[in-house]
Asks: 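One structure, as structure tokens, below. Some questions next.
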Amino acid sequence: MNKKLHDNVAVVTGAAKGIGLAIAERLARDGAKLVIADLDAGGLKEAASRLKTEYGAEVASCAGDLAEQSIAEKTINLAGEAFGRLDILVNNAGGGIIKPFSEHSPETLRTTIDRNLWTVLWCSWYAVPKMRAQRYGRIVNLGADSVRNGLWDHAAYNAAKGGVHGLTTGMAREFAADGITINTVAPCAVNTPQMVAITKSDPALAAKFVSVIPMGRPAEMEEVASMVSYLASAEASFVTGQVISVNGGSTML
Ligand SMILES: NC(=O)c1ccc[n+]([C@@H]2O[C@H](COP(=O)([O-])OP(=O)(O)OC[C@H]3O[C@@H](n4cnc5c(N)ncnc54)[C@H](O)[C@@H]3O)[C@@H](O)[C@H]2O)c1
């Protein structure tokens, strides 16, 4: 029997490590061919080699800053050049500079928006015409549950991720009749290598993040990847314009 994403071509951004790598691994297990992209050229090389050896995936990669229009264009075009089509775009590249709003500098504010919003805007902008031409596409963004619960020190990050949530609903409506669905997965704290390090170096901070989660633990990266995998599949054909939290109950509804 064919795997769920057999013959699908997926671009996963920010796939050198963390949740992005877990998503790339999950989509590879589901049978997708992958274009992976990241700022971190060395990490990307290691990720590509892991995806090929562990999962037998066909992988192409593109290193660079996806907040730059030309890099986003190159990354999206690579799907067609390497594999002939583009079915899935997972806009995962991002990450917070978590600090009180008043302690941000002009640079950290700009980087927060570049990293979390411009990456999504440019990659989506280049992906949509290709998906429209095929009359099929799945765009899955990584948002944040902190937009919903207004987590402390997250104002600037939430401004960027709130932009992603807003882009989701607007794009979903605009392209609903083109066979393209656009959804966002919004995690709470996730047990990434970074979170594991915080748990060791600052257990009180880690406990503070977990204190808002009724299940009493961070999400596992695979739990986030599982939701992405569903939304990226043909099976999720009537789900669009949704922000779906994977959050152990930290916000409800
Ligand atoms: N970790 C969490 O608890 C958590 C919670 C909610 C949402 N998220 C979101 O999930 C996504 C993944 O988070 P993570 O914890 O794995 O992050 P991470 O920092 O471990 O990995 C993010 C990857 O994206 C890449 N990246 C960042 N900016 C880029 C750019 N401009 N161009 C290309 N690549 C870029 C980085 O190099 C890195 O490899 C992010 O969008 C993050 O905001 C994470």
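Just so you know, ligand 1 is whichever comes first in the structure, and atom 1 is the first atom listed for that ligand.
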Asks: Should the pair Arg217-Glu223 be classified as a salt bridge under the 4.0 Å nitrogen-to-oxygen rule?
Replies: yes
Asks: Counting each atom of ligand 1 from 1 as listed, which ones have a heavy atom of Ala189 under 4.0 Å away?
Replies: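 Per the distance check, 3 (O).
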Asks: Looking only at heavy atoms of Gly143, does any of them come nearer than 4.0 Å to an atom of ligand 1?
Replies: yes
Asks: How about Asn91 and Ser124: does a side-chain donor come under 3.5 Å of a side-chain acceptor?
Replies: yes
Asks: Ignoring hydrogens, just give me the one of Asp65, Asn191, Thr13, Ile23 whose non-hydrogen atom is nearest atom 31 (N) of ligand 1.
Replies: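 Looking at heavy atoms only, Asp65 sits closest to atom 31 (N) of ligand 1.
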Asks: Let me check something: do Met131 and Met171 share a hydrophobic cluster, defined by ILVMFWY side-chain heavy atoms less than 4.5 Å apart, either directly or through other members?
Replies: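 Cluster IDs for Met131 and Met171 match.
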Asks: Do the side chain of Ser211 and the main chain of Lys208 share a donor and acceptor less than 3.5 angstrom apart?
Replies: yes
Asks: List every atom of ligand 1 that sits less than 4.0 Å from any heavy atom of Gly18, numbering the atoms from 1 in the order shown and giving each element.
Replies: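 Answer, ordered by atom number: 16 (O).
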Asks: With a 3.5 Å distance limit and no angle check, can you tell me whether Asn183 reaches the backbone of Val239 through a side-chain donor-acceptor pair?
Replies: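 Checking the backbone N and O of Val239 against the side chain of Asn183, a donor-acceptor pair under 3.5 Å is found.
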Asks: Hey, is the main chain of Asn92 close enough, under 3.5 Å, to the side chain of Thr13 for a donor-acceptor pair?
Replies: yes
Asks: Side chains of Asn141 and Lys161: is there a donor and an acceptor less than 3.5 Å apart?
Replies: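 Per modelled atom types, Asn141 and Lys161 side chains form no pair under 3.5 Å.
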Asks: Rounded at 0.5 Å granularity, tell me how far CG in Leu66 sits from CG in Leu39.
Replies: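 Output value for this atom pair is 7.0 Å.
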Asks: May I ask you to list the atoms of ligand 1 that are less than 4.0 angstrom from any heavy atom of Thr119?
Replies: 30 (C), 31 (N)
Asks: Would a distance-only check, ignoring hydrogens and angles, find a side-chain to backbone donor-acceptor pair under 3.5 Å from Asn116 to Gly95?
Replies: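 Judged by distance alone, yes, a pair lies under 3.5 Å.
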Asks: Starting from atom 19 (O) of ligand 1, which protein heavy atom do you reach first, and at what distance in Å?
Replies: Lys17 NZ, 3.9 Å
Asks: Under 4.0 angstrom from ligand 1, any heavy atom of Pro187?
Replies: yes
Asks: Against heavy atoms of Gly14, which atoms of ligand 1 measure under 4.0 Å?
Replies: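 Near Gly14, the atoms of ligand 1 are 23 (C), 24 (O), 25 (C).
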Asks: To which protein heavy atom is atom 32 (N) of ligand 1 closest, and what is the distance rounded to 0.1 Å?
Replies: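 The closest one turns out to be Leu66 N, 2.9 Å.
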Asks: Among all protein heavy atoms, pick the one closest to atom 5 (C) of ligand 1 and tell me residue, atom and distance.
Replies: Cys188 O, 3.2 Å
Asks: Out of all atoms in ligand 1, which are within 4.0 Å of some heavy atom of Gly64? Include the element for each.
Replies: 32 (N), 33 (C)
Asks: Where's the contact between Thr192 and ligand 1, heavy-atom distance under 4.0 Å: side chain, backbone, both or neither?
Replies: side chain
Asks: Hey, is the main chain of Lys45 close enough, under 3.5 Å, to the side chain of Ser49 for a donor-acceptor pair?
Replies: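 Such a contact is absent between Ser49 side chain and Lys45 backbone.
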Asks: How far is atom 38 (C) of ligand 1 from its nearest protein heavy atom, and which residue and atom name does that atom have?
Replies: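 For this ligand atom, the closest protein heavy atom is Asp38 OD2, 3.5 Å.
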Asks: Would you mind finding which of His154, Gln194, Arg115 brings a heavy atom closest to atom 28 (N) of ligand 1?
Replies: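 Result: the heavy atom closest to atom 28 (N) of ligand 1 is in Arg115.
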Asks: Just going by heavy-atom distances, which of Val246, Asn116, Val190 is nearest to atom 4 (C) of ligand 1?
Replies: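 The nearest heavy atom belongs to Val190.
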Asks: Out of curiosity, is Ala219 lining ligand 1, as in a heavy atom under 4.0 Å away?
Replies: no
Asks: Ignoring hydrogens and geometry, is there a side-chain-to-backbone donor-acceptor pair from His154 to Trp152 under 3.5 Å?
Replies: yes
Asks: Answer side chain, backbone, both or neither: which part of Met221 comes under 4.0 Å from ligand 1, heavy atoms only.
Replies: neither
Asks: Is the shortest distance from atom 24 (O) of ligand 1 to a protein heavy atom below 4.0 Å?
Replies: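 Yes, there is a protein heavy atom closer to it than 4.0 Å.
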Asks: Can you check which of Gly94, Ala41, Ala186 brings a heavy atom nearest to atom 22 (C) of ligand 1?
Replies: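 The nearest heavy atom belongs to Gly94.
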Asks: Examine Val9 and Leu51 and state if one hydrophobic cluster contains both, with Ile, Leu, Val, Met, Phe, Trp and Tyr joined whenever side-chain heavy atoms are less than 4.5 Å apart.
Replies: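 No, because Val9 and Leu51 fall into different hydrophobic clusters, even though each may have its own neighbours under 4.5 Å.
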Asks: Look at ligand 1 and say whether Ala37 reaches it with a heavy atom at a distance under 4.0 Å.
Replies: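 Distance cut 4.0 Å: Ala37 fails for ligand 1.
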Asks: Any nitrogen or oxygen of Gly95, side chain or backbone, less than 3.5 Å from one on ligand 1?
Replies: yes
Asks: Any donor-acceptor pair under 3.5 Å linking the side chain of His165 with the backbone of Ala144?
Replies: yes
Asks: Give a yes or no on whether the backbone of Ile180 and the side-chain of Asp178 come within a donor-acceptor separation of less than 3.5 Å.
Replies: no
Asks: What atoms of ligand 1 come within less than 4.0 Å of a heavy atom belonging to Lys161?
Replies: 40 (C), 41 (O), 42 (C), 43 (O)
Asks: Consider only side-chain heavy atoms of I, L, V, M, F, W and Y, link residues closer than 4.5 Å, and tell whether Met227 and Ile88 are in one cluster.
Replies: yes
Asks: Look at atom 43 (O) of ligand 1 and say which protein heavy atom is nearest, naming residue and atom and giving the distance to 0.1 Å.
Replies: Tyr157 OH, 2.6 Å
Asks: Who's the nearest protein heavy-atom neighbour of atom 26 (N) of ligand 1, and how far?
Replies: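 Of the protein heavy atoms, Ala93 CB, 4.0 Å lies nearest.
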Asks: Of the protein's non-hydrogen atoms, which lies at the shortest distance from atom 10 (O) of ligand 1, and what is that distance?
Replies: Ile19 CD1, 3.7 Å
Asks: Quick one: do the Asp145 and Ser245 side chains pair a donor with an acceptor below 3.5 Å?
Replies: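 There is such a pair between these side chains.
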Asks: Considering only non-hydrogen protein atoms, determine which one is nearest to atom 34 (N) of ligand 1 and report residue, atom name and distance to 0.1 Å.
Replies: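 The closest one turns out to be Leu39 N, 3.2 Å.
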Asks: Can you figure out which of Ile71, Thr111, Asp40, Asn92 has its heavy atom closest to atom 41 (O) of ligand 1?
Replies: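 Residue with the shortest heavy-atom distance to the ligand atom: Asn92.
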